[in-house]
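See below for the structure under consideration.
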Number of protein chains: 2
Amino acid sequence: MSEKRYVSSTDVARLAGVSQSAVSRTFTEGASVSEATREKVMAAARSLGYRPNFLPQALMSNRSRLVAVAVGAVTNPFYASVLQQFTAALQDAGQQVALIQVASDYAMDAVLDRIAGYRVDALVSALAVLSPDTARALSALRIPVVCFNGRLRAEWVSSVSIDNLAAGAEAADHLHQAGGRRFAFLSGPPGSPATKDRRTGFVRRLRTLREGAPLLLSGDYSYESGLAAALRVTDAAPRPDAVACANDLAALGFLDGLRRAGVRSPEDVLVLGYDNIGMDAWEPYQLSSFDQNVPELIRRTLRLILDGDAAEEARRGVLEKVPARLVARRTTAAPMFPLI
Amino acid sequence: MSEKRYVSSTDVARLAGVSQSAVSRTFTEGASVSEATREKVMAAARSLGYRPNFLPQALMSNRSRLVAVAVGAVTNPFYASVLQQFTAALQDAGQQVALIQVASDYAMDAVLDRIAGYRVDALVSALAVLSPDTARALSALRIPVVCFNGRLRAEWVSSVSIDNLAAGAEAADHLHQAGGRRFAFLSGPPGSPATKDRRTGFVRRLRTLREGAPLLLSGDYSYESGLAAALRVTDAAPRPDAVACANDLAALGFLDGLRRAGVRSPEDVLVLGYDNIGMDAWEPYQLSSFDQNVPELIRRTLRLILDGDAAEEARRGVLEKVPARLVARRTTAAPMFPLI
DNA sequence: ATGAAAGCGCTAACAG
DNA sequence: CTGTTAGCGCTTTCAT
């Protein structure tokens, strides 16, 4: 493609018979321009189809009004929903989202140049796993970094998440109360802090409840891994009767695995997940789940990356925790002892 | 946040004891720098943590290596998947995605300034509906615009989609062959060209097959709209026994609506959708669907927006059509007359 | 209120 | 191969 020719403020100024500064002022909120000048400028701008170029401004101020959002799998409905809400919120705040797809944590290095190159104002990582090494590299950029759903804290690196330990404990309580006796926990990928904390809270609370240690199942947050885990479990003797899954996508797969094996939920196995994605409420699932209160998580994230008092703290690294809210549906309804 | 101070090539040059140009050349692919200079520069750059700034380059060349992607609902798994694959492909091509969330077509105007302001190299619209008015406004930007899944064609505006007319006809064939006799079509939102073409192809082919005109159901591509449509239809007399849905999300809702009403698929009603999203293969659904061959659609899109011969044509507006591929699953399996 | 001029960090053209 | 210089399109002093 040949060199593009865009209309510049100089072009507009020439046509309007004013200085280039006058054009700039006309398009700057709250600058002092006489009504007469403004009208001349606007007329010229309209006739030339002038659109101010943000790049010089970004160049001078080192503020691009671009926020990089690093995602792993947008195909996980939870992250799709987060991305959608986050993008909308950021647009309302006058910022843009630069979407960055990160296949694995290793690929992150290649991404650093781009983040730095565009002088993005902040980085939000919605990656399940973010290694301390990567975090260190991000620190060096000296821009606010927020780990959505993480718990890393370092200079310039903050985290915003639900209280996963508490939500893990509450999962144990809920399953116990619903009549579960032989527990299991289906994990996400090994490095994920969310999965670790949920599991830790779960295991600890079971101990408090004087229940046996749960069967630990491994997964990777995917539907398929949940389905596979269920098929492994239906053979086990004794079979667990209450399973907490580290996320909903895997939980839905787990339910379908049970279904395929002819095992019913909640009658034979209670199932509980995290994220409260839309599909939980779908007819064949009715999955009980913890809602992460995404709007609140996003609000906190914005406070940390946008200008303001909170952004100052964020430079030192902050850990924000929001309570999760249990949404009980059919898969944890106690058939024998209904909750009154 | 106070003025950021970034390391510039001048800083590096000073430390390395070379000219600023030498630094620039060191970071420019294929520029002539002696090995000695390169090493001095790299050492200085490393010690200062220098990262080249893309903004000046973008400013001079009017090429930002940013591609704007406008999406409506990323929560639709089909678009989530498209976004994921597209972002990855664009990154491989050295471009970045600027994600733009568009609530409604009206909001598009507000978005124009941003697209122009960042001097994005191209715009890809993955919106279900894009009015000719908006398209006209986009034309004026004089950057390649590609309507993903659309069929608009204008100066600078191209479209890439499956052959929806053909896929509509094939849906009629397939349902007819599977034993359907009383047909229905569940539409997406009124303005969507995809829904229109699929429906038109469907209706025409039924006529050719000498079948009655299908019952027309209205929806909006959402799960809920599909579910509601099914509940309306189960009361109808005579009830349709073969339904083509304009997209899978609505088709899944339709299946769940049938389920709730105690109507079985495929035994009582054949159901067919479009998009072949991951959930189609989930245990309780097994939905037959048309695969859009997203990788190929993306390849075509990239050809139109990235530099090259195809990009030249794109300025005049191009219509690219890719054949869809039917993926037959349980919901269209003829119980009486199985396909051999 | 307005114009002139400087300068952000880089690339490209030119001279050596 | 390397340094000097100009300039991309803005915003921001500084005069007037």
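Just so you know, these numbers come straight off a predicted model, no measurement behind them. Residue numbers start from 1 in every chain, and the chains themselves are labelled A, B, ... in the order their sequence lines are given, proteins ahead of strands. We use all heavy atoms of the structure for the numbers below, so side chains are in, but hydrogens, waters and symmetry mates are not.
In the region residues 31-42 of chain B, proximity to DNA chain D at under 4.0 angstrom, judged on heavy atoms, holds for B:Ser32, B:Val33, B:Ser34, B:Thr37.
Between B:Trp156 and B:Ile143, the shortest heavy-atom distance links the atoms CE3-C, 3.5 Å. Shortest non-hydrogen contact noted between B:Ala45 and B:Val12 is N-CG1, 3.8 Å.
Straight-line distance from the CE atom of B:Met60 to the C1' atom of C:dA13: 10 Å, rounded to whole Å. The nearest whole Å value for the distance from the CZ atom in B:Phe27 to the P atom in C:dC10 is 10 Å. In this entry the distance linking CZ of B:Arg25 with P of C:dC14 reads 14 Å, nearest Å. Between the P atom of C:dG9 and the CZ atom of A:Arg63 lies a distance of 16 Å, rounded to the nearest Å. The distance from atom CZ of B:Phe54 to atom C1' of C:dC8 is 17 Å, rounded to the nearest whole Å. Per the geometry, CD belonging to B:Glu29 stands 13 Å off P belonging to C:dT11, to the nearest Å. One can place CG of B:Leu55 at 10 Å from P of C:dC10, the figure rounded to the nearest angstrom.
Separation of the B:Tyr50 and B:Phe27 ring centroids falls under the 6.0 Å cut-off.
Position along DNA chain C of the nearest nucleotide to A:Val18 versus A:Pro56 favours A:Val18 as the more 5'-ward residue. Nearest-nucleotide mapping onto DNA chain D: of B:Ser21 and B:Arg119, the residue sitting toward the 5' end is B:Ser21. Residue-to-nucleotide proximity on DNA chain D shows that, of B:Gln20 and A:Val7, the 5′-proximal contact is made by B:Gln20.
Side-chain atoms of A:Ser64 and B:Tyr118 include no donor-acceptor pair closer than 3.5 Å. Side-chain contact of B:Glu155 with B:Ser139: a donor-acceptor pair under 3.5 Å is absent, judged by distance alone.
Using a 4.0 Å cutoff to heavy atoms of chain B, the contacted part of DNA chain D runs 5' to 3' from D:dC1 to D:dG9.
Side-chain atoms of B:Gln85 do not come within 3.5 Å of backbone N or O of B:Val294 as any donor-acceptor pair. Formation of a donor-acceptor pair under 3.5 Å by the A:Gln95 side chain with backbone atoms of A:Leu90 is not found in this model.
For B:Gln57, the listed nucleotide lying nearest its side chain is C:dT11; candidates were C:dT11, C:dA5, C:dG9.
Contact annotation: B:Tyr50 side-chain N/O to C:dC10 OP1/OP2 distance is under 4.0 Å.
Looking at A:Arg65 and A:Asp121, no side-chain N of the basic residue comes within less than 4.0 Å of a carboxylate O on the acidic one, giving no salt bridge.
To the nearest 0.5 angstrom, A:Tyr6 atom OH is 15.0 Å from A:Leu48 atom CG.
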